[in-house]
Amino acid sequence: MRGNDAGPRRLHRGRMRLSLVLTSALLIGAAVPIAARAQDSTPAPATWRYQQVTPAVVARHGMVAADHPISSQVGAEILRRGGNAIDAIVAVAFAHAVVEPAAGNLGGGGFLVYRRRDGRSFALDFRETAPAAATREMYLDSAGNVTDDAWLGPRSIGVPGSVAGLWEMHRRFGRMPWRDVVAPAIALARDGHVIDEPRADMLRGSQSLFMRYESARRAWVPGGRPFAAGDTLRQSDLAATLQLIADSGRAGFYRGRTADLIVAEMQRTGGLITLADLAGYQPLWRTPVRGRYRGWRIITMPPVSSGGVTLVQALNILSGYRLGAFGSAPERHLLIEAERRAFLDRNSLLGDPAFVAMPLARLTSASYAARQRRTIRLDRATPTEGLPLHEGPHTTHYSVVDGRGNAASLTTTLNNGFGSKIFVAGAGFFLNDEMDDFTAKPGAINTMGIQQMGEANAIAPGKRMLSSMTPTIVLDPDGRLELVLGAEGGAMIISAVLQVIVNVVDHRMSLAEAVYAPRIHHNALPDSVAMEPAALSPEVRAQLESMGHHFFRNPYYFATVSAVRVTRHGLEGVTDPRIPSRAAGY
Ligand code: GLY
């Protein structure tokens, strides 16, 4: 159907007329082979697909790195108009909900790490919660197997936190009027934007799942044909919802028309979320997790994201070694062994702090890392099965630094691309499938490839599900702001953030080189190393296999990082070639 009220519209092919002022960000340098400027690096294998590094976007006053170029431009324009990092990141998040519906969202949740220019840091948890009607075994069939409705369809949806989170961070730290930061998203939804090839691919890839649900099918496969690259997408229902949010703040989403439309969609499809679930949702301010790595200071997200704790644990383990050359077998081996141990704790101990007690100080301590190092052999992989087990994507990231030195790092998600695929008719947005991040059954592998054990992350009404999102800020050894980064990509978020930090600190790579470099990932269980195609040279892979490592090739991507670095040349903004985008600054 192509009528006026079924959400997005394919209108015409051609260029979008954006009322945004395009930023004058400056490109420096020519494309250089990866690691060419690193001081302690061997180049990536010759067949590595991101050999040619696009240099960072550089600007003097403010920088936004988001994984859609239009979102970056929206944020840079807010900075140019005098907004601070929080104004920009809120505007980016709303714009991203329009231009990247697979991940940007009103119907999901996320995490913010914010460092004010006075040096104080804050963390905001706006993760989804399990609806009041959720039960511990709600995804088990009569044979005790986990069913698909943990990640697909109406029962996979957690109570959304995004709008409450964006409202709360702006209420506390924003400078510009709320309406002004929501306005660019309204204009984009109302006036339309041109779909590019990577996003058309995402829509095509989900077409068969959209067909299962009436609202998604009508909105996203109109006339039986998915949107194509070059189509202009106008989303009048989403524009109307954003206008309600601009006018009434969080109440424009959690009460009144939008809430009624969400609950109507739940009733039509068999979802659990009620008006009371929506009205009761609250984001939570938390104390950031802090760590040190070779003198550099890490400020990152505490539970209910596992990201910060797992990142700091892995860095602590690595800090006891000299890693050796980038991409060499000894260096890859140590990364794998550190990830294995940090993820094993993540998968069994961490959960919602309101429901489980966690030994966070111990897990992030130097003495615990020293004990873990004693279990690592330099010549052999340690089978995960032999290590003590404690009983007990589609995401998106934006990094912003403003002209005053405030830094904001925000990761938000619907979980899988387009979330549950349940699209709220009349309101114009997808709802998440975040319930799959709970442990539906100890030992089962979820859609993020994680095998979680124990009770810490079991489902309970009102509980937040464990996340891997890792919005992070890194200070140099003198305490000056150096890096703002984070990623999308499920569990691989943590290893991506880890490896970018290691690439910058140990291998002295530029930020662009650090982001483009090949990555590996180990979740602890299943006990195999995920690698991107051609990420390891055949010789290094053979060496690692002879040490007992098992590999599987990940044909897709390995998380996508969006990052800003403060340098003496200016602010560098880098986005990840794994999902094409571009940073913007002024
Ligand atoms: N939904 C992915 C995560 O939060 O880790």
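Start at 1 and go down the list; that is how both ligands and their atoms are numbered. This chain uses plain numbering: 1 for the first residue, then up along the sequence.
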Quick note, salt bridge (Lys or Arg N to Asp or Glu O under 4.0 Å) partners involving residues 456-471, not counting sequence neighbours, are Asp125-Arg464
Name each donor-acceptor pair under 3.5 Å that joins a side chain in residues 200-209 to protein atoms two or more places apart or in another chain, with its distance.
unit_1: Asp201; atom_1: OD1; unit_2: Arg204; atom_2: NH2; d: 2.4
unit_1: Arg204; atom_1: NH2; unit_2: Glu197; atom_2: OE2; d: 3.1

Using 4.0 Å as the upper bound for N to carboxylate O, is an ion pair formed by Glu214 and Arg268?
no
Return a table of donor-acceptor pairs under 3.5 angstrom between the side chains of residues 158-165 and protein atoms on other chains or two or more places apart.
unit_1: Ser162; atom_1: OG; unit_2: Asn105; atom_2: OD1; d: 2.5
unit_1: Ser162; atom_1: OG; unit_2: Gly108; atom_2: O; d: 3.2
unit_1: Ser162; atom_1: OG; unit_2: Gly109; atom_2: N; d: 3.2

Would you check, one step at a time, whether the test salt bridge (Lys or Arg N to Asp or Glu O under 4.0 Å) holds for Arg136 with Glu455?
CA-CA 10 Å; Arg136 183 192 162 85; Glu455 300 301 311; 2.6 Å; yes
Taking it one step at a time, do Glu482 and Trp296 satisfy side chain to side chain contact (heavy atoms under 4.5 Å, CB included)?
CA-CA 9 Å; Glu482 176 89 22; Trp296 296 56; 3.4 Å; yes
Give me the pairs of N or O atoms, one from ligand 1 and one from the protein, that sit under 3.5 Å apart.
unit_1: ligand 1; atom_1: 1 (N); unit_2: Asn415; atom_2: OD1; d: 2.7
unit_1: ligand 1; atom_1: 1 (N); unit_2: Glu434; atom_2: OE2; d: 2.6
unit_1: ligand 1; atom_1: 1 (N); unit_2: Asp437; atom_2: OD2; d: 2.6
unit_1: ligand 1; atom_1: 4 (O); unit_2: Arg127; atom_2: NH1; d: 3.1
unit_1: ligand 1; atom_1: 4 (O); unit_2: Arg127; atom_2: NH2; d: 3.3
unit_1: ligand 1; atom_1: 4 (O); unit_2: Asp437; atom_2: OD2; d: 3.2
unit_1: ligand 1; atom_1: 4 (O); unit_2: Ser467; atom_2: OG; d: 2.7
unit_1: ligand 1; atom_1: 5 (O); unit_2: Ser467; atom_2: OG; d: 3.4
unit_1: ligand 1; atom_1: 5 (O); unit_2: Ser468; atom_2: N; d: 2.7

